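Order of the sequence lines sets the chain letters (A, B, ...), proteins ahead of strands, with each chain counted from 1. All values reported here derive from a predicted model rather than from experimental measurement.
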Amino acid sequence: MARLAMAIDLAACVGCAACAVACKLENEVPAGDHRLWIRTTESGIFPDLTVEFRPEQCLHCENPPCVPVCPTGATYQTQEGIVLIDPEKCIACGACVAACPYDARFFHEDGYVSKCSFCEHRLKDGRLPACVETCPTLCRSFGDLDDPNSDISIALKEADRIDVLRPEQGTGPKLFYLNSPKKYGLNQEVAK
Amino acid sequence: MTTFYGLPNDHAFWHWPTLIHFVLVGLAGGMALLAAIRAWHDDDHSRLFALTALILIVMDFATLWLESSARFRLTHIWLFLSFRPTAYIWWGAMGLTVSAVMAFLISFKFGPKRLWGSIMAVSATIILLYPGLALAANSARPLWTPLLLAFFPLTSLLIVLGIGQFKWDWAKPYFLSLSVLSAVLGVMYLVGLAFGGLEAKEALKHFWKEGGIFYLIALLLMLLSPALLKRFPALAGLMAVVGAILARSLIIEIGQYQGLGF
């Protein structure tokens with residue numbers, strides 16, 4: 001069974017937000033809510049300045065803390081490792097929102113919790129997630145972690161540096177950040 | 001400097017109805033436990049306690065249903081058709097439902113009161129544990145520490161016995177112990193954060209900035225209430241109730257802060 005994951009090359013991301021717009025349109029995300037957002041961080045003092053554009057979304061964790069706390073089974077993990085929500089079972093109690101260490105979930109105006117689904121409906125048709133397909137700098141790679149020839153496996157192999165968000169949480173994120181332009185990588189604030 | 005295109009979903013997700021829910025759950029759990037103990041002793045007062053617990057549970061369910069954005073989608077039925085022992089809300093729902101059924105049976109004198117009392121003792125304990133568990137289970141939120149597993153059940157009982165000070169003489173010694181214990185745990189909560197890791201210290205700063213003074217007032221109310229117990233029991237009870245509800249509400253509301261470490 002495939003183990004689907006995504007990687008974003010931060011050295012290639014220019015913060016154009018095409019991924020965020022594509023996500024919004026593809027998934028009909030209501031105004032004011034976000035499945036995907038771009039964090040822009042400026043650090044350093046001129047002339048030693050760094051600007052990092054970091055797209056953030058659900059990390060489809062290997063050990064998702066949102067799944068066991070769901071009282072109705074609305075939040076579940078597929079065999080491919082994608083974390084999904086069944087709106088027909090969701091009671092919008094917010095237990096999963098509270099459990100998510102990455103603020104990836106929001107209350108949809110139609111009365112259920114929503115978040116990034118890796119565009120599961122597109123994957124079923126053999127297409128890539130909208131954000132991956134749209135990216136003009138090709139900074140996103142998607143595929144099966146267990147397939148050494150998949151885009152993501154190659155991207156991870158070729159990366160100089162690989163980071164995940166909040167590794168101390170032990171969630172095993174499957175959204176990898178490659179080649180962070182920050183001197184100390186993504187976790188520099190924690191390291192301080 | 002950090003800016004965003006789009007925004008992370010880091011705003012508060014539990015609002016004032018949740019605060020009311022946690023008060024009603026505490027009251028219902030405490031009343032159900034008292035009813036269960038009375039039922040064991042074959043005391044006729046158990047009927048009144050059980051009926052009060054039943055009314056509180058109905059009020060709690062109504063509050064939850066009214067505040068839910070899914071209220072007209074009828075998905076709540078899945079709570080009762082699922083078996084999800086890893087989910088604290090599932091336990092809360094089961095505890096409340098079983099307690100409601102037992103409270104009904106005791107109130108209206110159906111069947112063996114002692115047996116229903118024994119079952120309700122278990123379900124009431126689950127209800128009392130549920131709010132603390134609902135918070136402590138979220139390890140990513142540094143203000144919701146494991147200490148809340150003890151703080152919430154104790155303050156739930158304190159709220160019940162605090163209200164009881166208007167009438168129940170027998171509850172005085174329990175009330176006294178609970179108010180002191182709750183205040184001590186409330187102080188330990190702050191101390192635990194102060195001596196915790198970097199994230200805990202950062203969270204404590206946030207907590208202090210958002211509601212530190214009110215939290216101190218809440219602790220003082222709980223701590224000072226026993227001093228008035230002999231002469232003004234009703235006032236002592238009221239002080240403890242206000243203190244406990246205030247402290248709990250601050251922890252729930254401000255504790256939604258995640259303090260992302262990245």
Asker: Does atom CZ (Phe80(B)) have a neighbourhood of more than 12 heavy atoms from anything else shown, all under 6.0 Å?
Answerer: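 For Phe80(B), atom CZ is crowded (more than 12 foreign heavy atoms under 6.0 Å).
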Asker: Looking at every heavy atom in both Pro71(A) and Arg84(B), which two are closest together, and how far apart are they?
Answerer: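 Smallest heavy-atom distance, with atoms named: O-CG, 3.2 Å.
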Asker: Counting heavy-atom pairs closer than 4.5 Å to chain A, which one of Leu7(B), Leu79(B), Asn138(B) comes out on top?
Answerer: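 Answer, by heavy-atom pair count under 4.5 Å with chain A: Leu7(B).
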Asker: Should the heavy atoms of other residues, nucleotides or ligands under 6.0 Å from NZ of Lys209(B) be counted, would the total exceed 12?
Answerer: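 Open.
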Asker: First locate atom NE2 of His34(A), then atom CG of Asn9(B), and finally report the distance between them rounded to the nearest 0.5 Å.
Answerer: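 It comes to 7.5 Å.
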Asker: Identify the heavy atoms of Arg166(A) and Ala140(B) that sit nearest to each other, and give their distance.
Answerer: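 Distance-wise, the nearest heavy atoms are NH2-O, 3.6 Å.
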Asker: What are the two closest non-hydrogen atoms of Ala98(A) and Trp144(B), and how far apart are they?
Answerer: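 Scanning both residues, the minimum pair turns out to be CB-CZ3, 4.2 Å.
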Asker: Can you measure from CD (Gln258(B)) to CG (Asp103(A)) and round to the nearest 0.5 angstrom?
Answerer: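 So the CD of Gln258(B) and the CG of Asp103(A) are separated by 4.5 Å.
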Asker: Could you check which of Thr3(B), Ile89(B), Leu81(B) has the highest count of heavy-atom pairs closer than 4.5 Å to chain A?
Answerer: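 Of the options given, most contacts go to Thr3(B).
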Asker: Is there a side-chain contact between Pro87(A) and Arg73(B) (heavy atoms, below 4.5 Å)?
Answerer: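 Yes, at least one pair of side-chain atoms sits under 4.5 Å.
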Asker: Rounded to the nearest 0.5 Å, what's the gap from CZ on Phe4(B) to OG1 on Thr41(A)? Could you check?
Answerer: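 The distance works out to 7.0 Å.
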Asker: With only heavy atoms counted, which part of Ala74(A) is less than 4.5 Å from chain B, the side chain, the backbone, both or neither?
Answerer: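 No part of it gets close to chain B.
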Asker: Do the side chains of Glu88(A) and Trp78(B) get nearer than 4.5 Å, heavy atoms only?
Answerer: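 Side-chain contact under 4.5 Å: no.
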Asker: Grab the two heavy atoms, one from Gly111(A) and one from Ala70(B), that are nearest each other, plus how far apart they are.
Answerer: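 Gly111(A) and Ala70(B) have their closest heavy atoms at O-CB, 3.4 Å.
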Asker: Roughly how far apart are Ile77(B) CD1 and Ile91(A) CD1, rounded to 0.5 Å?
Answerer: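 Taking CD1 in Ile77(B) and CD1 in Ile91(A), the distance rounds to 11.5 Å.
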Asker: What residue, out of Ala20(A), Ala95(A), Ala92(A), has the most heavy-atom pairs lying under 4.5 Å from chain B?
Answerer: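 Of Ala20(A), Ala95(A), Ala92(A), Ala95(A) has the most heavy-atom pairs under 4.5 Å with chain B.
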Asker: Please look at Phe107(A) and chain B and tell me whether the side chain, the backbone, both or neither of the residue comes under 4.5 angstrom of a heavy atom of that chain.
Answerer: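 It is the side chain, since no backbone atom gets that close.
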Asker: Rounded to the nearest 0.5 Å, how far does OG of Ser82(B) lie from NZ of Lys89(A)?
Answerer: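 One gets 5.5 Å once the value is rounded to the nearest 0.5 Å.
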Asker: Identify which part of Ser68(B) has an atom lying under 4.5 Å from any heavy atom of chain A, answering side chain, backbone, both or neither.
Answerer: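 For Ser68(B), the contact with chain A is made by the side chain alone.
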Asker: Could you tell me the separation between the OH atom of Tyr5(B) and the OG1 atom of Thr40(A), rounded to the nearest 0.5 Å?
Answerer: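 Going from the OH atom of Tyr5(B) to the OG1 atom of Thr40(A) covers 11.5 Å.
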Asker: Is Thr2(B) in contact with chain A via its backbone, its side chain, both, or neither, using a 4.5 Å heavy-atom distance?
Answerer: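 Its backbone and side chain both get close to chain A.
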